[in-house]
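Here is the structure we will look at, set down as structure tokens.
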Amino acid sequence: MKRETCVDDLIHNCYQILKLPPGASAGEVKEAYRRLKQESSADEEEWERLKEVNWAYENLVKYLSQHEKIMPQAEEAILRKKDAAPYESDEFSLKGLLFSVDEKVNPFYFGGRVFVFLIFFIWGVKFIFHSVESNYAGESFMHGVTLAFHEAGHLIFGILGDFMGVLGGTLLQIIIPLVCLGAFLKRADTFSASIALWWVGQNFMDAAPYINDARKQELMLLGGVTGQDVPGFHDWNNILGRLGLLKLDHFLANTSHYFGVLLMLASFAWGGYILYRQYKNLDK
């Protein structure tokens with residue numbers, strides 16, 4: 001008898017948290033839960049409040065499914081969703097897309113993410129503080145990774161004509177990390193998406209020395225030759241020459257470099273904030 005009283009008190013408390021009268025139906029519970037999530041904001045107090053709302057909803061769903069047998073399986077599936085976020089709703093939410101984290105974060109996985117973040121942060125700072133003229137980006141390990149996509153871009157975009165084939169190398173090396181970023185966001189893996197954004201920025205910085213060399217054509221290219229050795233072989237001399245923009249090579253190179261810097265700084269802020277929210281959700 002005492003156990004039943006405790007259960008009744010718990011359920012009554014859950015109804016109060018969801019601002020519903022005792023005995024409200026499963027549909028009313030779901031609607032109240034959805035409304036309270038949509039009304040939540042990003043501050044810490046609201047986040048704590050939302051965790052309480054999630055707890056109340058889970059208990060009510062379990063109670064109603066066991067005692068009234070009217071809870072559809074689709075609603076039960078909502079409870080098992082691991083990546084529920086304070087910004088999440090049935091409608092599209094930009095905040096939910098960019099800042100969702102698991103309700104419970106494994107400390108081991110969290111430690112691994114912190115380690116990865118520090119590596120990319122330190123590495124990114126080196127990219128940022130090296131000038132376009134130093135060609136640090138073009139001599140880094142990541143340039144070797146990028147080169148495969150760059151060369152594939154010439155082949156893929158070549159079906160659209162000679163000019164697009166030349167431009168396609170730089171295009172594909174930027175498109176690939178953007179695709180990765182989108183794929184991670186689709187999986188609600190926001191931390192990995194922030195690393196993908198770092199990669200997008202790095203590719204803009206990687207392209208900068210090549211653009212900067214459009215007139216001089218002194219960089220050693222694939223095949224062990226320079227643009228001076230083989231006329232038309234230098235992508236950006238070819239591109240800017242056709243467009244009549246060769247005199248803007250340094251300006252365009254610096255624009256690409258500093259845009260990459262901005263993206264990299266954004267990735268630091270994004271990844272750092274995701275780690276902060278994951279830290280608050282550690283499964284202790």
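In this text, all values refer to a predicted model and were calculated from it rather than measured experimentally.
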Mind checking the [atom1]-[atom2] spacing from [X] to [Y]? Nearest 0.5 Å is all I need.
X: N54; Y: N59; atom1: CG; atom2: CG; answer: 11.0 Å
X: M164; Y: I156; atom1: CE; atom2: CD1; answer: 11.5 Å
X: D229; Y: M220; atom1: CG; atom2: CE; answer: 7.0 Å
X: L197; Y: I195; atom1: CG; atom2: CD1; answer: 9.5 Å
X: N254; Y: H250; atom1: CG; atom2: NE2; answer: 9.0 Å
X: S140; Y: K126; atom1: OG; atom2: NZ; answer: 11.0 Å

- Should we say atom OH of Y258 is surrounded by more than 12 heavy atoms from elsewhere, each under 6.0 Å from it? no
- Item | Flag if over 12 foreign heavy atoms under 6.0 Å of OH, Y109 | no
Exam field: side chain [X] to backbone [Y], donor-acceptor pair closer than 3.5 Å:
X: E139; Y: Y136; value: no
X: S134; Y: H130; value: no
X: S194; Y: W270; value: no
X: H234; Y: Q217; value: no
X: S256; Y: M205; value: no
X: N135; Y: P209; value: no
X: Q228; Y: K216; value: yes

Student check: side-chain heavy atoms of [X] and [Y] closer than 4.5 Å:
X: I239; Y: F163; value: yes
X: L98; Y: T190; value: no
X: L275; Y: F117; value: yes
X: F141; Y: H143; value: no
X: W199; Y: C180; value: yes
X: Y210; Y: H150; value: yes

- Task: Mind telling me whether F204 and F259 have parallel, tilted or perpendicular rings, with 30° and 60° as the class edges?
- Result: perpendicular
For [X] and [Y], does a side-chain donor sit closer than 3.5 Å to a side-chain acceptor?
X: N281; Y: R277; answer: no
X: D235; Y: T170; answer: no
X: D206; Y: Q173; answer: yes
X: N212; Y: H257; answer: no

- Query: Can you name the one residue among F115, F191, W198 that meets ring-ring contact (aromatic ring centres under 6.0 Å, His included) with F120?
  - Reply: W198
- Query: How far apart are the C-alpha atoms of L248 and L240, what are their side-chain angles, what is the distance that settles it, and do they pass the side-chain contact (heavy atoms from CB on, under 4.5 Å) test?
  - Reply: CA-CA 8 Å; L248 296 179; L240 298 181; 6.0 Å; no
- Query: Which heavy-atom pair separates N237 from A214 by the least distance, and what is that distance?
  - Reply: ND2-O, 2.8 Å
